[in-house]
Amino acid sequence: QFHMIKYNDLKWDESLGQGSFTRIFKGYKIDIRDGEKHMTEVLLKELDAVHKNCWESLFEAASLMSQISHKHLLLVYGVSVHGVKNIMVQEFVKHGALDLYLKRGRSVSVSWKLDVAKQLASALNFLEEKNIVHGNICAKNLLLAREGDPSQGTSPFIKLSDPGISVAMLVVLDRIPWVAPELLEAPDDLTLECDKWSFGATVWEIFNNGNSPLRGWNLDEKRQFYEGFQQLPPSQWTELADLISQCMDYQAAVRPSCRSIIRQLNSLITSDYVILHATEPVTQ
Ligand SMILES: Nc1cnc(-c2cc(N)nc3[nH]ccc23)cn1
């Protein structure tokens with residue numbers, strides 16, 4: 001279910017850091033199209049051979065996404081196997097992960113943030129219609145293809161990355177508060193409702209300048225956060241806080257549908273709050 005790419009058709013450029021069990025590089029894929037040589041910018045994700053079992057999980061996660069295409073889903077070109085090294089070849093998204101972009105202190109407007117949230121909601125709606133669970137929705141997995149420039153009237157454009165190593169593989173506690181509480185007991189019971197919970201935590205991140213919710217909390221405090229049915233600190237924008245807490249409802253069945261999420265985002269986009277707070281980011 002993956003296109004196999006010849007190792008010799010790939011060129012490595014600069015290293016971009018590490019993922020979980022992966023080394024990430026900028027690179028190029030050579031294509032011959034109508035007799036001409038084309039170099040496509042790609043992201044090369046090398047998996048250490050030692051984590052063989054994780055490779056299946058990483059593959060599975062990415063292949064799930066490569067079966068469908070949508071403007072807000074990251075394109076996976078394929079994989080290349082070279083000796084013991086397995087390399088996943090993805091489209092290169094210019095501005096990288098959204099959490100790092102926001103942490104770098106780019107002051108973006110409330111409508112910028114709502115626009116990003118709506119794009120994520122439409123990607124989730126698409127996955128929901130295909131009955132595909134992502135399983136790892138968070139700002140780190142949102143890639144910024146276009147920054148958007150309010151003075152030019154252009155808006156941001158995001159791509160949802162593949163889920164990466166499955167939640168079941170990772171220490172579930174580490175994923176609090178993005179991982180839905182019902183998964184603590186049964187990490188394999190990943191459902192569409194789990195993505196709604198994570199969507200709520202991700203919108204919270206977007207409106208908190210990329211800061212991780214419960215940042216600095218240890219695993220025990222995080223576990224107690226769920227055991228005490230606690231909620232993230234609410235935004236002073238009540239309607240936004242309501243949407244986030246609806247998504248992060250401890251009862252999976254009552255979390256809103258994607259259509260309802262999009263409807264509520266649309267009414268937030270047209271609310272006075274946006275105009276009144278056109279520049280400074282929403283503080284908590
Ligand atoms: N599919 C992807 C994923 N990440 C990037 C990316 C872009 C960038 N400007 N800095 C980075 N630093 C680390 C990753 C990355 C690009 N494309």
Side-chain angles (χ1 to χ4, degrees), residues 1-52 54-104 116 119-120 122-123 126-127 130 132 134-148 154 156-166 169:
Q1 73 271 35
F2 263 123
H3 175 57
M4 297 308 285
I5 296 167
K6 286 202 290 302
Y7 184 76
N8 293 335
D9 288 346
L10 296 171
K11 292 285 163 271
W12 268 252
D13 194 340
E14 59 179 325
S15 159
L16 289 175
Q18 323 259 330
S20 29
F21 316 115
T22 58
R23 275 190 298 280
I24 297 176
F25 298 86
K26 169 127 187 268
Y28 298 91
K29 174 169 77 82
I30 299 167
D31 297 292
I32 311 288
R33 267 200 305 264
D34 16 296
E36 276 177 12
K37 208 170 168 183
H38 289 261
M39 303 277 272
T40 312
E41 267 189 338
V42 292
L43 186 95
L44 299 168
K45 252 187 190 178
E46 283 182 11
L47 187 84
D48 319 333
V50 68
H51 302 101
K52 184 80 186 121
C54 285
W55 176 245
E56 275 85 36
S57 165
L58 198 81
F59 242 42
E60 198 181 301
S63 71
L64 162 121
M65 299 266 291
S66 67
Q67 282 150 28
I68 47 175
S69 81
H70 183 268
K71 62 181 181 175
H72 290 308
L73 291 183
L74 184 73
L75 189 57
V76 177
Y77 291 113
V79 286
S80 182
V81 179
H82 183 68
V84 291
K85 254 198 302 196
N86 292 302
I87 300 123
M88 188 171 303
V89 186
Q90 300 180 343
E91 83 175 282
F92 185 79
V93 180
K94 192 167 186 304
H95 302 285
L98 183 65
D99 64 327
L100 295 179
Y101 182 83
L102 293 173
K103 278 175 193 157
R104 277 187 217 115
V116 165
Q119 292 177 34
L120 174 56
S122 70
F126 177 79
L127 290 174
K130 306 270 176 202
I132 291 179
H134 183 276
N136 198 1
I137 305 289
C138 56
K140 182 171 67 69
N141 280 339
L142 287 183
L143 301 166
L144 192 63
R146 194 177 62 215
E147 288 188 278
T154 58
F157 197 89
I158 53 120
K159 299 242 175 190
L160 176 59
S161 180
D162 65 278
I165 302 283
S166 74
M169 280 272 176

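We count residues from 1, following the sequence as given.
- Not one N or O on the side chain of Asn136 forms a donor-acceptor pair closer than 3.5 Å with the backbone of Asn141.
- Closest heavy-atom contact between Lys29 and Val89: CD-CG1, 4.3 Å.
- Within the 4.5 Å cutoff, side-chain heavy atoms of Leu160 are placed close to those of Leu142.
- Across His134 and Asp162, no two heavy atoms sit closer than the pair NE2-C, 3.7 Å.
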Going through the distances and angles, do Glu91 and Thr40 end up as a side-chain contact (heavy atoms from CB on, under 4.5 Å)?
CA-CA 8 Å; Glu91 83 175 282; Thr40 312; over 6 Å; no
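- Put simply, the side chain of Val79 does not reach to within 4.5 Å of the side chain of Asn86, judged on heavy atoms.
- Aromatic ring orientation, Trp12 versus Tyr7: tilted (interplanar angle from 30° to 60°).
- Put simply, CG on Leu144 and NZ on Lys159 are 12.0 Å apart, with the number rounded to the nearest 0.5 Å.
- Under the salt bridge (Lys or Arg N to Asp or Glu O under 4.0 Å) criterion, the residue pairs touching residues 5-18 are Lys6-Asp9, with sequence neighbours excluded.
- Minimum heavy-atom separation, Pro163 to Leu64: CG-CD2, 4.4 Å.
- The main-chain N or O of Pro156 is found under 3.5 Å from a side-chain atom of Gln119 such that the two form a donor-acceptor pair.
- To the nearest 0.5 Å, the span separating CD1 on Ile158 from OG on Ser122 amounts to 7.0 Å.
- For the atom pair Leu44 CG and Met88 CE, the distance stands at 11.0 Å (nearest 0.5 Å).
- Atom CE of residue Met65 and atom OG of residue Ser161 lie 6.5 Å apart, to the nearest 0.5 angstrom.
- For the atom pair Leu75 CG and Leu43 CG, the distance stands at 12.0 Å (nearest 0.5 Å).
- Within 6.0 Å of CD in Glu56 there are more than 12 heavy atoms belonging to other residues, nucleotides or ligands.
- For the residue pair Ser80 and Ile5, the shortest heavy atom distance occurs at OG-O, 2.9 Å.
- Nearest approach of Ile32 to Lys37, heavy atoms of both residues: CD1-CG, 4.0 Å.
- Take Phe59 and apply the ring pair (Phe, Tyr, Trp, His ring centres under 6.0 Å) test, not counting sequence neighbours, and it matches Phe2, Trp55.
- Between Tyr77 and Gln90, every side-chain heavy-atom pair lies at or beyond the 4.5 Å cut-off.
- The heavy-atom pair separating Ile68 from Lys130 by the smallest distance is CG2-CD, 4.2 Å.
- In this structure, the separation between NE2 on His95 and CG on Leu143 is 11.5 Å, given to the nearest 0.5 Å.
- Looking only at distances, no side-chain donor or acceptor of His72 sits under 3.5 Å from a matching main-chain atom of Phe157.
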